[in-house]
S.K.: 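Below: one structure in structure tokens.
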Amino acid sequence: MKLFLDSADCEEVRLAAELGVISGVTTNPTLIAREGKDLRETVRTLATLVDGPISAEVVAEDAEGMIEEGRELAAIHPSVVIKLPIGLDGLRATQVLSRQGIKTNVTLVFSIAQALLAARAGATYVSPFVGRLDDLSANGISLVRGIAEVFTLHGISSEIIAASIRSPQDVADAACAGAHVATVPYRVLLQMAAHPLTDLGLARFRRDWKDAFGK
Ligand code: G3P
């Protein structure tokens with residue numbers, strides 16, 4: 001399973017890229033708004049930081065507007081993937097853009113039925129939102145597992161990006177459930193690398209070494 005960073009903060013992305021574990025970036029209108037910077041400029045910068053898919057989401061509400069925005073965003077850099085919300089307009093835009101060779105990421109997916117529609121419309125990626133289902137006491141990972149089972153059973157090539165990730169356990173569960181990618185906030189990426197027993201063990205190694213060799 002690959003890891004993408006779910007962020008529009010270019011400094012976070014730069015730091016994450018230095019670890020060598022990130023294969024792409026996903027953004028969304030909320031993440032872009034939080035940074036308050038121009039979407040196109042942000043996407044252009046992100047494409048220089050990470051050698052992989054950069055998801056940029058359209059904000060138009062009708063298919064024609066989504067298609068126009070998608071074409072414009074895709075022209076920024078070959079790495080750009082157009083993020084489209086699942087729904088009738090998003091599906092119309094997905095099938096038009098996909099047929100023109102533009103990679104698409106259908107987002108805000110909360111059911112297997114939605115994921116199946118997105119795949120049939122030609123989506124390169126589908127993004128089920130794990131955390132937002134868990135927030136409602138639903139089981140977000142079971143959705144990922146169900147989509148993975150259906151895609152495998154029917155030979156569907158669209159890739160599953162487990163999104164709305166809240167913890168390192170979500171990442172592990174997504175990997176076990178068959179997601180192709182987990183897109184993680186920078187906070188979660190740092191949490192993935194840390195463990196209290198690792199800290200305790202390293203402190204013990206260093207103390208024992210210093211006790212024996214004095215440095
Ligand atoms: O960017 C899509 C998704 O990962 C956002 O998740 O629930 O943290 O806003 P959330």
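Order of appearance sets the numbers: ligands from 1, and atoms from 1 within every ligand. All residue numbers in this chain count up from 1 along the given sequence.
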S.K.: Do Thr26 and Thr183 get their side chains close enough for a donor-acceptor pair, meaning under 3.5 Å?
M.R.: yes
S.K.: I need the atoms of ligand 1 closer than 4.0 Å to a non-hydrogen atom of Asp6, numbered in the order shown.
M.R.: 1 (O), 2 (C), 3 (C), 4 (O), 5 (C)
S.K.: Could you please spell out the steps behind the side chain to side chain contact (heavy atoms under 4.5 Å, CB included) verdict for Lys83 and Asn28?
M.R.: CA-CA 8 Å; Lys83 222 177 181 184; Asn28 65 43; 4.1 Å; yes
S.K.: Using a 4.0 Å cut-off to any heavy atom of Lys83, which atoms of ligand 1 qualify?
M.R.: 1 (O), 2 (C)
S.K.: With the threshold set at under 4.0 angstrom, would you say Glu57 reaches ligand 1 through any of its heavy atoms?
M.R.: no
S.K.: Using a distance-only test with no angle check, is there a side-chain donor-acceptor pair under 3.5 angstrom linking Gln95 and Arg120?
M.R.: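 There is no such pair between these side chains.
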S.K.: Please report the interatomic distance OG(Ser127) to CD(Glu57), rounded to the nearest 0.5 Å.
M.R.: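 Rounded to the nearest 0.5 Å, the OG-CD separation comes out at 9.0 Å.
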S.K.: In the protein, what heavy atom is nearest to atom 6 (O) of ligand 1, and what distance, to one decimal place, separates them?
M.R.: Ser164 CA, 3.2 Å
S.K.: Students should be able to answer this: which protein heavy-atom is nearest to atom 9 (O) of ligand 1, and at what distance?
M.R.: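 The closest one turns out to be Arg132 NH2, 2.7 Å.
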S.K.: Is there any N or O on Thr27 that sits under 3.5 Å from an N or O of ligand 1?
M.R.: no
S.K.: Using a plain distance cutoff, I'd like to know if Thr26 has any nitrogen or oxygen under 3.5 Å from a nitrogen or oxygen of ligand 1.
M.R.: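 No, no N or O pair falls under 3.5 Å.
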S.K.: Ignoring hydrogens and geometry beyond distance, is a side-chain donor-acceptor pair present between Ser164 and Arg166 at under 3.5 Å?
M.R.: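 Present: a donor and an acceptor within the cut-off.
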S.K.: To the nearest 0.1 Å, how far is atom 8 (O) of ligand 1 from its closest protein heavy atom, and which atom is that?
M.R.: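 Result for atom 8 (O) of ligand 1: Arg166 NH1, 3.1 Å.
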S.K.: Salt bridge check: are Arg40 and Glu72 linked by an N-O gap of less than 4.0 Å?
M.R.: yes
